[in-house]
Amino acid sequence: MSVSGKGLKMFFLCVSLAFCEQDLTNKDAVAPALKTLEIELVENGAVVPGEHHFVFHLGDGQRDRYLELRVDQSVCKGELELNGATIKAGDVTTMVRFDAGNRVSVGGCLERTPKPVELKAYPKVHIAKAIARRRGPGWEVEFTVRNTLLNSSTCTVTAGGYREDFFVGPETSQTRSFFVRLDK
């Protein structure tokens, strides 16, 4: 055997041993977790008292997200407009522009508030609500998973070592609950 052949065999042996020592599977997550983002709304000066006007830009990274516009109804009871159209708060995924800036305004605000309007960018399948209540020696965890996709989705929720696997139908929400006993 030549020196170069022996060196090549040693290289393959080292590479194979390196792979044997590593655990190449990730047992905790099938896909990387997508976090909920709050899109920054930049306020423009309003000439009418009780009105707020904002602009925001969306990058291509938000195209695969569920976008929800929220209004502080306790302070602002007027109409909500997005890009010149009167809308209701909620899902605005199909109404926003990615090629240019977006304009949002709300009227009928009784007082100044730091965030009369918020824009959230969620993953297409996300936990819409989660509540934990103390129940005896443990906690009852109740959560609602929202699927905004046109197809069903397989979901896994883990809390305190307990795992819940289930399906969520297309464009629906599903509420589940389970009990978790925490040590110490």
Side-chain angles (χ1 to χ4, degrees), residues 24-131 141-159 164-176:
L24 299 177
T25 61
N26 184 354
K27 295 178 182 80
D28 296 331
V30 175
L34 294 175
K35 298 187 188 252
T36 299
L37 303 174
E38 185 169 346
I39 306 299
E40 182 182 6
L41 302 176
V42 179
E43 188 164 11
N44 290 342
V47 292
V48 178
E51 285 187 3
H52 293 273
H53 300 278
F54 302 93
V55 294
F56 63 93
H57 298 275
L58 295 171
D60 285 334
Q62 276 74 39
R63 283 186 190 273
D64 61 344
R65 299 235 176 197
Y66 170 75
L67 302 168
E68 183 178 270
L69 197 59
R70 297 177 177 180
V71 177
D72 185 351
Q73 294 285 325
S74 66
V75 178
C76 299
K77 301 195 182 285
E79 288 186 345
L80 178 66
E81 289 186 6
L82 176 62
N83 296 327
T86 302
I87 64 166
K88 294 188 183 231
D91 182 9
V92 295
T93 305
T94 59
M95 298 176 220
V96 295
R97 299 173 56 177
F98 292 93
D99 59 343
N102 293 277
R103 297 184 182 281
V104 76
S105 63
V106 65
C109 297
L110 303 174
E111 60 187 52
R112 294 287 300 167
T113 181
K115 288 191 176 187
V117 180
E118 292 179 317
L119 180 62
K120 301 281 187 176
Y122 296 100
K124 293 285 187 172
V125 179
H126 60 276
I127 295 178
K129 181 174 85 171
I131 300 171
V141 179
E142 181 179 291
F143 56 92
T144 302
V145 176
R146 172 90 173 110
N147 179 9
T148 62
L149 297 170
L150 296 174
N151 57 303
S152 297
S153 179
T154 304
C155 298
T156 300
V157 175
T158 307
E164 181 82 19
D165 297 314
F166 54 95
F167 290 101
V168 180
E171 297 183 320
T172 61
S173 295
Q174 189 175 119
T175 301
R176 306 287 290 236

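Computed from heavy atoms alone, side chains included, the values below leave out hydrogens, waters and symmetry copies. No experiment lies behind these values; they were computed from the predicted model shown.
Here the rule is side-chain contact (heavy atoms from CB on, under 4.5 Å) with F54, and of V42, N44, L41 only L41 fits it.
At least one side-chain heavy atom of K124 sits less than 4.5 Å from a side-chain heavy atom of T93. Residues L37 and R65 have side chains in contact (heavy-atom distance under 4.5 Å, counting atoms from C-beta outward). Using a 4.5 Å heavy-atom threshold, the side chains of V125 and V168 count as separate. At a threshold of 4.5 Å between non-hydrogen side-chain atoms, the residues R97 and L58 do not count as touching. Put simply, the side chain of F56 does not reach to within 4.5 Å of the side chain of E40, judged on heavy atoms. Using a 4.5 Å cut-off on side-chain heavy atoms (C-beta onward), M95 and L69 make no contact.
Counting only residues at least two apart or on different chains, no ring-ring contact (aromatic ring centres under 6.0 Å, His included) pair has a member in residues 72-92. For residues 76-125, the ring-ring contact (aromatic ring centres under 6.0 Å, His included) pairs, not counting sequence neighbours, are Y122-H126.
The CG atom of D165 sits 7.5 Å away from the OG1 atom of T158 when rounded to the nearest 0.5 Å. Considering CD of E68 and NZ of K120, their distance stands at 9.0 Å, rounded to 0.5 Å. Note that CD of Q174 and SG of C155 are 8.0 Å apart. Values are rounded to the nearest 0.5 Å. To the nearest 0.5 Å, the span separating CG on L119 from CD on E38 amounts to 8.5 Å.
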Compile the donor-acceptor pairs under 3.5 Å between side chains in residues 73-87 and protein atoms, sequence neighbours left out, one pair per line.
from, atom 1, to, atom 2, distance (Å)
S74, OG, D72, OD1, 2.6
K77, NZ, Q73, O, 3.1
N83, OD1, R103, N, 2.8
N83, ND2, N102, OD1, 2.9

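Between I131 and K129, the closest heavy-atom pair is CD1-CE, 4.2 Å. Across all non-hydrogen atoms, the minimal contact from A100 to H57 is C-ND1, 4.2 Å. Of all the heavy atoms in E51 and G107, the pair that sits closest is CG-CA, 4.0 Å. Between C109 and H52, the shortest heavy-atom contact is SG-CD2, 3.4 Å.
With 3.5 Å as the limit, one finds no donor-acceptor pair spanning the side chains of N147 and T172.
The side chain to side chain donor-acceptor pair (under 3.5 Å) search around T148 returns none, not counting sequence neighbours. Under the side chain to side chain donor-acceptor pair (under 3.5 Å) criterion, N151 pairs with no residue at all, not counting sequence neighbours. Judged as a side chain to side chain contact (heavy atoms under 4.5 Å, CB included), and not counting sequence neighbours, the contacts of S173 are T144, R146.
E142 contributes no side-chain N or O that, together with a main-chain N or O of T175, makes up a donor-acceptor pair within less than 3.5 Å.
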